[in-house]
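Naming: A, B, ... by sequence-line order, numbering from 1 per chain. Computed from a predicted model, the values in this text were never measured in an experiment. Reckoned from all heavy atoms, side chains included, excluding hydrogens, waters and symmetry mates.
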Amino acid sequence: MLKIYNTLTRSKQEFVPRQPGKVGMYVCGMTVYDYCHIGHARVMVVFDTVARYLRHAGYQLTYVRNITDIDDKIIQRAHQNGEAFTALTERFIEAMHEDERALSVLPPDLEPKATQSIDDIIAMIAKLIEREYAYVGGNGDVFYAVSRFDGYGKLSGKNIDDLNAGERVDVDNAKRDPLDFVLWKMAKPGEPYWDSPWGQGRPGWHIECSAMSTCCLGNHFDIHGGGMDLQFPHHENEIAQSEGATGEQFVNYWMHNGFVRVNEEKMSKSLGNFFTVREVLKQYRPEIIRFFILSSHYRSPLNYSDEQLDDAGTALTRLYTALRGVEIIDAPIDEEYKQRFEQAMDDDFNTPVALAVLFDLARELNKAKANQSERVGQLAASLKKLGGLLGVLQEEPDKYLKGQKQRDAVAVGEFASISLSNPTGTASVTGQINDEWIEQKKQQRLEAKKAKNWTLADQIRDELKQQGIILEDAPDGTTSWRRG
RNA sequence: GGCUGCGUAGCAAAGUGGUUAUGCAUCGGCCUGCAAAGCCGCGUACACCGGUUCGAUUCCGGUCGCAGCCUCCA
C-alpha cells in the first residue's frame, strides 16, 4: 500500500487515486531563462522516480510537467541579451532537455508551454471574473481577489490576517488588497503580448499552471508536485485560481521536495550559490548525480558537496562491481528483495532505504558469485531491474567501470575539451592514456607475473594507478581494470 | 514577528517504544606473490533538560542550535 506525504494534511496518507488504476500528476517545471541547477535536477529526478514507481505499481499514469516560457524574468533577460524572448526560451528548453537526458529523466507524457496555452489561460481568467474571483485593477491588469476565496492559506498553513500584517507584501495601488495577485498583466511598449478581452498583455506567474494542469488532467486530479518554495505563494494561488474557476476540488495530494543546500544554505538563483547541471557534469558523471539525489529522502534537505558526490560515486562503483562479469538472465525480480524494495518505496518513496536494499542484494550477489551458485544470474537480474526503477545501474557494468568519471566527452560538444583528472582531483593528466595502451600494459604485467617478476609487475600496476587505472587480479589468473 | 521542518555514530543517511539499517572511512581476519575487489568481524549513535512508561533515540513539554516560507526562486 503506497503512502504519500500530503502537504495539504501534513501527514502521510494512503494513496487512493480518483479513478482506480489511473493517476494524473502535474509537476511545476522550469521557468526557462537560464540553465538548470542542481536544485532543478532534484525536482526532475525526484518526480521522475515517482513516475517510474507509480508505473511499476501498475498505475496508468499521465505525467504532466509544464514549461513556463513567458514571464518578467524571461523578458528582462531577453532584453539584456538583445534577443527575442522566444530565442532565449528555445535555447534553454533545449539545454534543459539535454540535462534531463543526461540524468536519465524520462520525458513527461505532456509538456505544455505557457505560450501555447494562452487561450486556456484567458478562458480561466474570464471564468474567474465571471464568478467574481477576479477584477480589473486601476492600471488595467487583472487581479485575483484573495479575500473572495475562503480556503486561502490552507496549503501553506497561513492565514490571511498574518499575511496582511507582513511588511514585505508590496503595496500596489492598482489592487484592492495587497494580497491580490496578478492574473493578466498589460504589456508595456516593446514587451511581448497576446490579445485578450482586457487588452494586450501576458499571463501573470501563477495562472499558467492552473490552466495547463486542469486542461491536461481535468479540473480535479491526483498529484501535484514541485519544490518546497512553491508552496507559497505559487501553489496556494493555483488552488485559489483553479478552485475559484471550477468550483471543484483541485488536487488530492500535494508533494513538495526539499532543497539542495550549499554550506547549509539554500541553493538558489537569488543567492547566487548554485551549480548548474552542466557544470557539475564536467566533474561527475550523470549517474552519480542521480544517485546522490536519491541517496536522501526527497523531503529532506540535500547538502551539495564534492565529498558527497565522491561518496555517491564510490557507492555506485560497488553496485556496478557486483554486476560486472555476470551474465544477467531473464528472470523475475527475487521476491524477497522486491518486497523490501517496494515496502521502502511505498513509504512515501523512501529511496535511501530502497538503495540500502540494493546494497544488501549486491552483497548476496557477491557471495553467490564466490559459491558459483546458480542464483547469480537471478540476483544480478534483480539488482539491475530494481536499479532501473530508480533510473540507475542500466549501463554495461564493465563499460561503466572503465569509463571516465566525467560525462563522456563526445556526448555533448561543449564538453569536448574537458581533461581527465585523477580520482583525487589534485592533478590532471593528459588524454594520452587510452584503452589500448592500458591493455598493452596489462599484458606486459601478465607476462611479468608469469615470469614471477613481481617487481616489474608491481611497477606496471603502480604506473597505471598513477593514471587513475586500477588493476584487479581475479583468482582465475585474469586481470581486469577500471578507472578509479 | 507569524508559520513549517530539522538536530542520529568520523562523514553521509534511514528508521524504531525494548532485537543488524545501509554506503563511505577506520581497525582486525580470510583471500592474494603483494595488492585491488570481494567476504567475515568490529561501532552501547540518536542536541540538551524534564515528564509519561517496566523500558525512550523513538511519545509529551521546555531549552538551545540550524534551515525554510512569509518577496522572484525547484
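- In terms of the side-chain hydrogen bond (donor to acceptor under 3.5 Å, both in side chains) criterion, A:Q76 has no residue partners (sequence neighbours excluded).
- Distance check on atom P: B:U58 versus B:G17 gives 11 Å, rounded to whole Å.
- Checked options A:Y253, A:Y26, A:W254; the residue passing with A:I223 is A:Y253 (criterion: side-chain contact (heavy atoms from CB on, under 4.5 Å)).
- Contacts between residues 62-81 of chain A and RNA chain B, counted as heavy-atom distances below 4.0 Å, involve A:K73.
- The list of salt bridge (Lys or Arg N to Asp or Glu O under 4.0 Å) pairs with a residue in residues 26-47 of chain A, not counting sequence neighbours, reads A:D34-A:R77.
- Residue A:N366 is classed as a sugar-phosphate contact, given heavy-atom separations below 4.0 Å to backbone atoms only.
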Under 3.5 Å, N/O pairs linking protein and nucleotides 31-34 of chain B:
from  : atom 1 : to     : atom 2 : distance (Å)
B:G33 : O6     : A:R445 : NH2    : 3.4
B:G33 : N1     : A:D458 : OD1    : 2.9
B:G33 : N2     : A:D458 : OD1    : 3.3
B:G33 : N2     : A:D458 : OD2    : 2.6
B:C34 : O2     : A:R461 : NH2    : 2.3
B:C34 : N3     : A:R461 : NH1    : 2.9
B:C34 : N3     : A:R461 : NH2    : 3.3
B:C34 : N4     : A:D473 : OD2    : 3.1

Going 5' to 3' through nucleotides 3-15 of chain B and flagging B where a protein heavy-atom sits under 4.0 Å of the base, S where only the sugar-phosphate is that close, and - otherwise, we get SS------SSSSS
Give each protein N/O atom lying under 3.5 Å from an N/O atom of nucleotides 26-28 of chain B, with the pair distance.
none

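- Across the protein-nucleic acid pair, A:L271 atom CG and B:A74 atom P stand 13 Å apart, rounded to whole Å.
- Residues passing the side-chain hydrogen bond (donor to acceptor under 3.5 Å, both in side chains) test with A:E111, sequence neighbours excluded: A:R65, A:H97.
- Listed by chain and residue number, nothing satisfies the salt bridge (Lys or Arg N to Asp or Glu O under 4.0 Å) test with A:E14 (two or more places apart in sequence, or in another chain).
- Distance noted for atom C1' between B:U8 and B:U44: 14 Å (whole Å).
- Contacts between residues 382-398 of chain A and RNA chain B, counted as heavy-atom distances below 4.0 Å, involve no residue at all.
- Sorted by first and then second residue, the side chain to side chain donor-acceptor pair (under 3.5 Å) pairs involving residues 380-390 of chain A (not counting sequence neighbours) form an empty list.
- Every stem involving RNA chain B, taken as at least 3 paired positions in a row under the Watson-Crick or G-U wobble test at 3.5 Å, is listed here: B:1-7 with B:64-70, B:10-12 with B:22-24, B:27-30 with B:38-41, B:47-51 with B:59-63.
- Residue A:K367 has a polar side-chain atom (N or O) positioned under 4.0 Å from OP1 or OP2 of B:C40.
- Judged as a side-chain hydrogen bond (donor to acceptor under 3.5 Å, both in side chains), and not counting sequence neighbours, the contacts of A:R340 are A:D360.
- Across all strands, A:A315 comes closer than 4.0 Å only to sugar-phosphate atoms, never to a base (heavy-atom distances).
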